[in-house]
Q: 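Below are the structure tokens for one structure; questions will follow.
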Amino acid sequence: MTQTLSKPEKTKTKYTITWEKLPDDFKLPDDPVENIDQPLLAAALREALELAGFILASMLIASNFGLCAKVNDKTVVKAPDWVYVPSVLPAEPGEVRRSYTPNAEGEVPAVVMEFLSDTDGSEYSNKPTYPYGKWRFYERILQVPIYVIFEPKSGVLEVYRLSTSGEYELQEPDANQRLWIESMGLFLGVWEGEKSQRTGYWLRWWDENGNLLLWGAERVEQERQRAEEERQRADRLMAYLRSQGIDPDAI
């Protein structure tokens, strides 16, 4: 399901960008998440990747986590609802990573996601001046290759790819209404159902062969069904042997 909600206008503002790790005494914003859906959606995305063995120690996958850059001598921090960085430098022994500065601490994020809420639509903000809009920060400053915007209530999914001109372009889904995320080798799409006592639309992963990456509860149910099918096959075999006058217990 794809629909353009409100792509921001283009601007030509220039920036001087410095990639510096935040000092330990820098006070990060401590704003609460806007609703209960956001952490559930983010956790579900990670859970499926983890169970599929996708996540490596060299990666950074986080939610509501600060991405940083110094732009025109001012530190800017944005916290996307979900972020994937393919390769980061190891943290120092005992260090708890509080934020992430691309280029200074590893690669530029390959994917950032924002889940729309009932606020002012800042996910589409192209504000060209400090503290900058989210769209502007991801597109022009960090230059994140894939920007995902998802509206949980309606299930509208938009995937934008950074073009060679340095601007985000809306991608068209395939026949299954999924979008290929090349850096991850996975499809991203919308699934409707229940998880964690929430019924509605979810973002899900599919592999290159179209197989859904399962959550933990789905894997348990899949194993239960497999065991039940094996039991039924065994029961049918024993019944057949008895019908032929063979005692299966004597075999």
Side-chain angles (χ1 to χ4, degrees), residues 17-24 26 28-29 33 38-71 75-115 134 137-150 159-164 166 168 171 178-189 202-216 218-219:
I17 304 171
T18 306
W19 308 104
E20 298 178 358
K21 185 177 177 180
L22 287 185
D24 292 338
F26 186 91
L28 287 165
V33 295
Q38 293 176 348
L40 291 176
L41 292 166
L45 284 167
R46 181 186 179 92
E47 178 186 339
L49 294 176
E50 191 165 17
L51 291 173
F54 177 88
I55 300 177
L56 304 177
S58 57
M59 297 176 177
L60 173 62
I61 295 177
S63 56
N64 198 33
F65 186 75
L67 300 180
C68 313
K70 184 172 284 188
V71 186
T75 298
V76 184
V77 181
K78 301 291 182 186
D81 291 321
W82 195 89
V83 59
Y84 162 67
V85 187
S87 179
V88 301
L89 299 177
E92 295 294 331
E95 176 188 7
V96 177
R97 201 183 293 272
R98 301 169 57 240
S99 63
Y100 180 74
T101 302
N103 299 308
E105 298 183 79
E107 295 182 356
V108 171
V111 181
V112 295
M113 297 189 190
E114 295 287 357
F115 308 141
K134 286 184 177 179
F137 187 68
Y138 300 146
E139 178 189 62
R140 293 289 305 282
I141 296 171
L142 296 189
Q143 298 182 350
V144 178
I146 297 292
Y147 182 23
V148 176
I149 299 178
F150 179 57
V159 174
Y160 292 90
R161 186 181 303 276
L162 197 66
S163 68
T164 54
Y168 281 137
Q171 302 301 292
R178 301 170 194 159
L179 295 113
W180 178 247
I181 309 297
E182 186 174 357
S183 59
M184 302 183 71
L186 295 169
F187 287 99
L188 180 69
W202 300 80
L203 289 179
R204 300 292 302 261
W205 305 107
W206 285 261
D207 68 18
E208 60 184 358
N209 297 315
N211 299 307
L212 179 67
L213 271 58
L214 300 180
W215 293 320
E218 292 172 329
R219 285 174 171 252

Q: With under 30° as parallel and over 60° as perpendicular, where do the rings of Tyr168 and Tyr147 fit, or are they tilted in between?
A: tilted
Q: Taking Trp215 for the side chain and Ala44 for the main chain, is one N or O donor matched with an acceptor at less than 3.5 Å?
A: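 Yes, the answer is positive, given that a donor and an acceptor are paired below the 3.5 Å cut-off.
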Q: How are the rings of Trp82 and Trp205 set to each other: parallel, tilted or perpendicular (split at 30° and 60°)?
A: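 Ring orientation, 0 to 90° scale: tilted.
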Q: Tell me, with the steps shown, if Tyr138 and Glu114 meet side-chain hydrogen bond (donor to acceptor under 3.5 Å, both in side chains).
A: CA-CA 11 Å; Tyr138 300 146; Glu114 295 287 357; 2.7 Å; yes
Q: Give every residue pair that meets the salt bridge (charged side-chain N to carboxylate O under 4.0 Å, His left out) criterion with at least one member in residues 82-102, sequence neighbours excluded.
A: Lys21-Glu95, Arg97-Glu105
Q: Between atom CG of Leu28 and atom SG of Cys68, what is the distance when rounded to the nearest 0.5 Å?
A: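 Leu28 atom CG to Cys68 atom SG measures 6.0 Å (nearest 0.5 Å).
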Q: Would you check if Leu213 and Phe54 make a side-chain contact, meaning some heavy-atom pair closer than 4.5 Å?
A: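 No, too far: nothing below the 4.5 Å cut-off.
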Q: I'd like to know if the side chain of Arg161 reaches the main chain of Gln171, judged simply by a donor and an acceptor atom lying under 3.5 Å from each other, with no hydrogens or angles considered.
A: no
Q: Within the distance-only criterion (no hydrogens, no angle test), does the side chain of Asp207 pair as donor or acceptor with the backbone N or O of Asn209 below 3.5 angstrom?
A: yes
Q: Can you sort out the partners of Glu20 under salt bridge (charged side-chain N to carboxylate O under 4.0 Å, His left out), two or more places apart, ordered by chain and number?
A: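 Partners of Glu20 by the salt bridge (charged side-chain N to carboxylate O under 4.0 Å, His left out) criterion, ordered by chain and then number, come out as Lys70.
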Q: Answer whether the closest heavy-atom distance between the side chains of Pro109 and Pro102 falls below 4.5 Å.
A: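 Side chain of Pro109 against side chain of Pro102, heavy atoms only: contact under 4.5 Å found.
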Q: Less than 4.0 Å between a side-chain N and a carboxylate O, is that true for Glu218 and Arg204?
A: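 Yes, Arg204 and Glu218 are salt-bridged.
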Q: Hey, are the side chains of Val111 and Ile181 touching, using non-hydrogen atoms and a 4.5 Å cut-off?
A: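 Counting from C-beta outward, Val111 and Ile181 do come under 4.5 Å.
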Q: Let me confirm one number: the CG-CE distance from Leu49 to Met59, rounded to the nearest 0.5 Å.
A: 8.5 Å
Q: Rounded to the nearest 0.5 Å, how far does CG of Asn103 lie from CG of Leu89?
A: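 So the gap between those two atoms works out to 10.5 Å.
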Q: Leu45 versus Met113: any side-chain heavy-atom pair under 4.5 Å?
A: yes
Q: Between Val144 and Phe137, is there a side-chain heavy-atom distance shorter than 4.5 Å?
A: no
Q: For Arg178, which residues count as a salt bridge (charged side-chain N to carboxylate O under 4.0 Å, His left out) partner, sequence neighbours excluded?
A: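 For Arg178, no residue satisfies salt bridge (charged side-chain N to carboxylate O under 4.0 Å, His left out) once neighbours in sequence are set aside.
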Q: Give a yes or no answer on whether the side chain of Asp81 reaches the backbone of Phe115 with a donor-acceptor pair at less than 3.5 Å.
A: yes
